[in-house]
Amino acid sequence: MINSNSRPADASGTFTLGGDLTVTRLGYGTMQLTGPGTWGEPADRENAIRVVRRAAELGVTLFDSADAYGPDVTSGILRDALYPYADDIVIATKVGQTRQGPGLWTPNGEPAHLRSQVEKELRHLSIDRIDLLQLHRIAPTIPLEDQIGELKTLKDEGKIRHIGLSEVTIAEAEAALKIAPIVSVQNLYNLAQRDAEELLDWATTRSIGFIPWFPLATGGLTGETSPLTNLAAEHGATPAQLALAWLLKRSPVVLPIPGTSSIAHLEDNIRGATIELRDKELAALSDTVR
């Protein structure tokens, strides 16, 4: 059941990245705090700041950003909303993508580019060290050793605390692990889209954080007779809340980062952390797209 806890995100529990960086499992993604096509400033920047602050009030401690969101928009919003940062706030950001316009993205893994973007993110966030720096995409034309190697050098310099990856295969993650410690992977994953299932199982066995982006996609699973809709009604919840509860139940390493530019939508999402699914309910939902 959904309760009225003033910090409902706490109900999702915690996960410790890299052995020393503990976060509340239900986080917040900033990708929707830009203009259309993840391009430009939001229509109402003050509202974006209020949304981020409300997320923190609700117990969210993990905030996910990227230099490419805007570009150079969302990390500044996080700073303006949360600085000076509380001790439990963890900022995860990403570098390795360039932008050419709305909806346009091109990987750039040149070591000099990665370094310059990390240093820019440090300035935008007004911090000395990034808690979790994720390689947004592996650039296919640059040796992986050069890309991960540069991030490891930045880590050794104290500018990065932990390194993560985004949109990778198991083989790529294992190759990266031979170069530097990797504490998280971030791939598209939700109840309706589970191509990354094997990667999630791989991460689970290694206690590597798995950050599913686009976690609320439910596709055609919300019809009047669907298990998702019926079970949500039984829990007094929305299908989106139940989809988040499914992710949290799926594995203890899952760290969902649902994003929104609406405080009302944010509050609804976070209450998904308070829903406790039974094993048979997890199985029933998992079977809905089999």
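Only heavy atoms go into these numbers, but all of them, side chains included; no hydrogens, no water, no symmetry mates. As the structure is a computational prediction, the values presented were derived from the model and not from experiment.
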Can you find a heavy atom in the side chain of [X] that is under 4.5 Å from one in the side chain of [Y]?
X	Y	value
Arg53	Arg50	no
Ser65	Leu125	no
Thr260	Asp268	no
Pro215	Leu244	yes
Trp105	Thr38	yes
Leu33	Val52	yes
Lys249	Leu285	no
Val95	Leu154	no

What's the separation between atom [atom1] in [X] and atom [atom2] in [Y], rounded to the nearest 0.5 Å?
X	Y	atom1	atom2	value
Ile170	Glu198	CD1	CD	5.5 Å
His162	Ser184	NE2	OG	9.5 Å
Leu247	Leu191	CG	CG	7.5 Å
Asp146	Thr153	CG	OG1	10.0 Å
Phe15	Thr22	CZ	OG1	9.5 Å

Taking all non-hydrogen atoms of both residues into account, name the closest pair between [X] and [Y] and its distance.
X	Y	result
Arg54	Ile263	CG-CG2, 4.0 Å
Ser262	His265	OG-N, 3.1 Å
Leu21	Val90	CD1-CG2, 3.7 Å
Val185	Ala203	CG2-CB, 4.4 Å
Leu231	Glu281	CD1-OE2, 3.3 Å
Ala173	Val168	CB-CG2, 4.3 Å

### Query
Restricting to pairs with a member in residues 33-43, which pass salt bridge (charged side-chain N to carboxylate O under 4.0 Å, His left out), not counting sequence neighbours?
Glu41-Arg45

### Task
Can you tell me which residue pairs pass the salt bridge (charged side-chain N to carboxylate O under 4.0 Å, His left out) test with a partner in residues 63-74, sequence neighbours excluded?
Asp64-Lys94, Asp72-Lys120

hydrophobic_cluster_shared for [Y] and [X], side chain cutoff 4.5 Å:
X	Y	value
Leu133	Ile89	yes
Leu199	Leu248	no
Trp213	Val51	no
Leu188	Ile138	no
Met31	Leu104	no

Check the surroundings of atom [atom1] in [X]: do more than 12 heavy atoms from other residues, nucleotides or ligands lie under 6.0 Å from it?
X	atom1	answer
Tyr85	OH	yes
Asp128	CG	no
Asp20	CG	yes

Are any side-chain N or O atoms of [X] and backbone N or O atoms of [Y], one a donor and one an acceptor, separated by less than 3.5 Å?
X	Y	value
Arg129	Gly158	no
Asn108	Gly96	no
Asp88	Thr61	no
Thr24	Asp10	no
Gln97	Arg137	no

### Message
Once you measure the plane-to-plane angle for Phe210 and Tyr189, does it fall in the parallel (<30°), tilted (30-60°) or perpendicular (>60°) bin?
### Response
perpendicular

### Task
Carefully, step by step, assess Trp202 and Ile208 under the rule side-chain contact (heavy atoms from CB on, under 4.5 Å).
CA-CA 8 Å; Trp202 176 89; Ile208 289 174; 3.7 Å; yes

### Message
Please determine whether side chain to side chain donor-acceptor pair (under 3.5 Å) holds for the pair His124 and Ser75, giving the CA-CA distance in whole Å, both sets of side-chain angles, and the decisive distance to 0.1 Å.
### Response
CA-CA 6 Å; His124 287 170; Ser75 293; 5.7 Å; no

### Task
Given side-chain contact (heavy atoms from CB on, under 4.5 Å), test Asn187 with Leu200 step by step and report yes or no.
CA-CA 9 Å; Asn187 276 48; Leu200 171 54; over 6 Å; no

### Query
Can Glu119 and Arg115 be counted as an ion pair, charged N to O under 4.0 angstrom?
yes

### Message
Applying side chain to side chain contact (heavy atoms under 4.5 Å, CB included), can you list everything that pairs with Ile179, at least two apart in sequence or on another chain?
### Response
Leu144, Glu145, Ile148

